[in-house]
Amino acid sequence: MKAPRGTVDILPKNAKKWQYVESKIKNICSRFNYEEIRTPLFEHTEVFSRGVGDTTDIVQKEMYTFNDRGGRSLTLRPEGTAAVSRAFVEHKLFGEANQPVKLYYFAQMFRYERPQKGRMRQLNQFGVEVLGSDDPAVDAEAIDLAMTVYKELGLKSLKLVINSLGDKESRTNHRNALINHFTPHKEELCEDCQLRLEQNPLRVLDCKKDREHPAMETAPSILDYLNESSNEYFEQVKLHLTSMGIEYEVDPNLVRGLDYYNHTAFEIMSNAKGFGAITTLAGGGRYNGLIEELGGPSTPGIGFGMGLERLLMALEAESITVPLDEELDCYFVAVGEQSVNEAVRLVHELRWNGIQVDKDYQDRKMKGQFKSADRLNAKYVLILGENELEKNIVNVKSMESGEQTEVPIEKLIDVMKDKLQGGKQNG
RNA sequence: GCGGUCGUGGCGAAGUGGUUAACGCACCGGAUUGUGGCUCCGGCAUCCGUGGGUUCGAUUCCCACCGAUCGCCCCA
């Protein structure tokens with residue numbers, strides 16, 4: 001038996017890293033005053049086909065879609081924004097007293113793709129959605145939050161790329177300009193682009209195959225088609241980023257794959273070596289029409305998704321180690337049936353009193369039990385054998401100093417509490 | 001979805017058309033009859049991704065599948 005293709009098990013050793021990263025991120029979210037939202041693992045397929053867009057790669061070839069026993073078409077969520085937006089509409093969060101609604105989530109996403117390093121069929125994302133404000137400062141705040149996560153974790157090789165896709169009017173004008181520009185060269189473009197030219201000409205711009213085509217160079221830039229208000233909006237976002245000291249690069253060809261984006265679009269990439277072909281760590285943008293598309297009132301929104309597998313890869317690529325708690329307070333060593341029985345009871349008591357303790361369950365000899373204690377980095381070993389049982393004591397040995405003292409059983413809990421408390425105070 | 005490389009114990013890694021599949025780490029046991037980290041000794045793959053084929057005989061050759069990995073597309 002093997003885990004399905006493109007999925008992985010996160011084993012205990014690794015899970016500690018995940019816990020560390022997640023707690024760091026949650027701490028940052030709290031500082032930014034974002035609240036957690038948890039939505040279902042699957043949605044009605046329509047949420048994504050309408051929300052994300054029928055012409056996108058995600059919807060066309062990457063969704064895990066199935067019919068349930070009632071014949072409903074359901075889809076394992078491939079991204080977070082559409083699902084969160086659906087929940088926002090369904091629960092009328094637009095009526096909340098505090099606007100905008102600032103949300104974050106940790107969630108598994110599913111995409112049917114050929115797996116590679118940094119590309120899984122089930123992946124973990126941290127994401128943020130801010131709904132109900134079209135203040136450019138919110139765009140800057142979301143970008144700031146994402147950058148804060150990376151920077152606080154210690155990443156250095158980062159590149160923030162931003163662009164503006166403009167409002168509806170700007171986009172329509174640009175779209176027409178693109179069609180006029182590329183149609184004479186249609187036959188020279190790759191198959192995908194010929195289709196894109198009809199369905200979503202914007203995406204011709206970020207085609208890797210046709211990058212060398214001369215028409216690319218002279219293609220109309222969205223930035224030249226932004227109307228007055230769109231341009232002003234973009235300028236404001238950039239101004240805020242600059243005032244926050246966040247460096248960025250404007251790339252007019254940054255388009256993003258999803259249909260719902262308008263105005264601000266951004267991507268955060270890693271420059272770290274040994275990262276292979278995958279460089280995007282997070283991506284997001286503004287989606288002012290999405291809530292309406294999903295049946296809610298006209299509500300502006302912005303958000304991003306951050307790949308956590310890629311975040312961990314980036315930490316690795318930059319040789320950043322996360323602090324891991326790999327110590328055990330106590331290990332209980334017992335030999336002889338009576339002693340072992342008493343040890344089981346005492347272990348229970350110690351745990352009930354807040355002390356971290358483990359014992360042997362492999363019926364190992366004393367030497368073997370000490371080896372286990374050593375391997376588990378136990379600070380103290382509590383020894384209970386026939387000798388101790390007779391005297392009604394437990395021998396407490398410090399594994400660091402090797403010092404061993406006799407402690408009456410009835411005082412064991414208090415003594416251990418003291419020892420461990422003291423240890424923590426002394427660092 | 002397409003192309004390249006790869007698949008031997010828990011991990012790393014040799015190897016060969018023929019009968020006991022090196023070695024290192026880890027693990028278990030002993031030397032040390034109740035005490036860890038060092039040392040020494042011993043143990044540890046009915047089996048070389050799965051299925052089929054070629055052959056007297058395959059882990060080694062061929063095919064398919066599965067999986068991993070790298071690249072393309074696209075993205076997180």
Side-chain angles (χ1 to χ4, degrees), chain A residues 1-8 11 13 52 55-62 77-81 106-127 146 190-193 195-196 203 206-211 254-258 267-270 274-284 303-314 328 331-336 339 360 362-390 395-404:
Chain A
M1 294 293 279
K2 283 179 179 168
R5 181 162 219 202
T7 67
V8 291
L11 301 175
K13 199 176 153 196
V52 178
T55 67
T56 60
D57 277 11
I58 286 185
V59 171
Q60 278 182 348
K61 51 182 210 191
E62 292 177 6
R77 66 179 165 222
E79 59 95 52
T81 300
F106 284 89
Q108 289 76 36
M109 303 299 169
F110 301 84
R111 296 189 196 168
Y112 192 87
E113 287 195 282
R114 182 87 176 253
Q116 289 179 30
K117 195 170 203 172
R119 172 182 298 164
M120 295 285 120
R121 288 184 172 180
Q122 175 176 331
L123 56 117
N124 287 276
Q125 279 190 358
F126 158 66
C190 75
E191 265 180 50
D192 285 341
C193 282
L195 202 65
R196 285 174 185 146
R203 294 191 52 224
D206 69 349
C207 177
K208 305 274 190 311
K209 275 188 200 160
D210 291 323
R211 189 178 263 167
L254 175 71
V255 159
R256 309 282 313 147
L258 315 185
E267 234 170 72
I268 300 170
M269 305 191 269
S270 171
F275 220 74
I278 305 295
T279 57
T280 305
L281 297 176
F304 66 78
M306 176 183 289
L308 296 178
E309 282 81 1
R310 289 185 185 181
L311 170 53
L312 293 187
M313 279 172 61
L328 182 68
Y331 193 86
F332 213 114
V333 168
V335 277
S339 305
D360 167 74
Q362 300 301 118
D363 198 25
R364 268 190 271 261
K365 308 227 166 100
M366 185 168 278
K367 179 180 174 139
Q369 297 191 33
F370 264 87
K371 276 190 130 178
S372 298
D374 194 46
R375 235 181 286 126
L376 291 167
N377 273 320
K379 295 185 196 117
Y380 295 97
V381 166
L382 313 181
I383 308 149
L384 183 64
E386 280 176 27
N387 300 341
E388 288 84 359
L389 208 54
E390 270 175 35
N395 263 305
V396 175
K397 177 170 181 174
S398 160
M399 290 298 270
E400 201 189 344
S401 68
E403 229 171 279
Q404 190 165 308

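Per chain, numbering begins at 1; letters A, B, ... match sequence-line order. Source: prediction; values computed, not measured.
- Closest approach of A:Asp360 to A:Gln362, counting heavy atoms only: OD1-N, 3.1 Å.
- Taking atom C1' in both B:C74 and B:C2, one finds a spacing of 14 Å when rounded to whole Å.
- Nearest nucleotide to the side chain of A:Arg111, out of B:A76, B:G36, B:U35: B:A76.
- Applying the 4.0 Å criterion to OP1 and OP2 of B:C75, one finds that A:Arg114 has every side-chain N and O outside that range.
- Distance check, rounded to the nearest 0.5 Å: CZ of A:Phe304 to CZ of A:Phe126 gives 4.5 Å.
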Each base of RNA chain B marked ( ) or [ ] if paired in-strand (Watson-Crick or G-U under 3.5 Å), | if paired to another strand and . if unpaired gives (((((((..(((.....[....))).(((((.......))))).....(((((..]....))))))))))))....
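- A:Phe370 places a side-chain heavy atom less than 4.5 Å from the side chain of A:Met399.
- Rounded to the nearest Å, the gap between the P atom of B:C28 and that of B:G36 is 14 Å.
- Within 6.0 Å of the CD atom in A:Glu386, the count of heavy atoms belonging to other residues, nucleotides or ligands does not exceed 12.
- Between A:Lys371 and B:G29 there is no side-chain polar atom (N or O) within less than 4.0 angstrom of OP1 or OP2.
- Sequence order on RNA chain B of the closest nucleotides to A:Thr7 and A:Gly307 puts A:Thr7 first from the 5' end.
- Here the C1' atom of nucleotide B:C75 and the CD atom of A:Gln125 are 10 Å apart, to the nearest Å.
- Figure legend: A:Arg77 and A:Phe110 shown without cation-pi pairing, the cationic atom not lying both under 6.0 angstrom from the six-membered ring centre and within 45 degrees of its axis.
- The minimum heavy-atom distance between A:Asn395 and A:Glu388, with the atom names listed, is ND2-OE2, 2.8 Å.
- As judged by a 4.0 angstrom heavy-atom cut-off over every strand, A:Glu113 is placed among the base-contacting residues.
- Between B:C73, B:C74, B:A76, one nucleotide has an atom nearer to the side chain of A:Gln116 than all others, and that is B:C73.
- Contact record, A:Pro115 with A:Arg5: CG-CG, 3.7 Å, taken as the closest heavy-atom pair.
- Side-chain proximity of A:Arg375 to the nucleotides B:C74, B:A76, B:C28 is greatest for B:C28.
- Rounded to whole Å, the separation between the C1' atoms of B:C48 and B:G42 comes to 25 Å.
- Across all strands shown, A:Ala373 has no heavy atoms under 4.0 Å from either base or sugar-phosphate atoms.
- For A:Asp374, taking side-chain heavy atoms from C-beta onward, the closest of the listed nucleotides B:G34, B:A76, B:G37 is B:G37.
- More than 12 non-hydrogen atoms from other residues, nucleotides or ligands lie less than 6.0 angstrom from CZ of A:Phe106.
- Comparing B:A21 with B:C47, their C1' atoms are spaced 8 Å from each other, to the whole Å.
- At a threshold of 4.0 angstrom between heavy atoms, the contacts of A:Asn387 include nucleobase atoms, whether or not backbone atoms are also involved.
- Listed candidates were B:A68, B:G34, B:A76. Nearest to the side chain of A:Glu386 is B:G34.
- Among the heavy atoms of the strands, none lies under 4.0 Å from A:Gly368.
- Of the two residues contacting RNA chain B, namely A:Met306 and A:Arg364, the nearest-nucleotide position lying further toward the 5' end is that of A:Arg364.
- The side chain of A:Lys365 lies closest to B:G29 when the candidates are B:G29, B:G67, B:U35.
- OP1 and OP2 of B:C75 both lie 4.0 Å or more from every side-chain N or O belonging to A:Arg119.
- Listed candidates were B:A76, B:C70, B:U35. Nearest to the side chain of A:Lys117 is B:C70.
- Looking at heavy atoms from C-beta onward, A:Met313 lies in side-chain contact with A:Lys117 at the 4.5 angstrom threshold.
- One N or O donor and one acceptor, one from the side chain of A:Glu388 and one from the base of B:G34, sit under 3.5 Å apart.
- Taking atom CE on A:Met120 and atom C1' on B:C75, their separation rounds to 13 Å, with Å as the unit.
- A:Gly284 comes within contact range of no nucleotide atom at all, as no heavy-atom separation falls under 4.0 Å.
- Judged by atom type and distance alone, A:Gln369 does not reach the base of B:U35 through any side-chain donor-acceptor pair under 3.5 Å.
- Counting to the nearest Å, the P atom of B:G37 and the CE atom of A:Met366 are 15 Å from each other.
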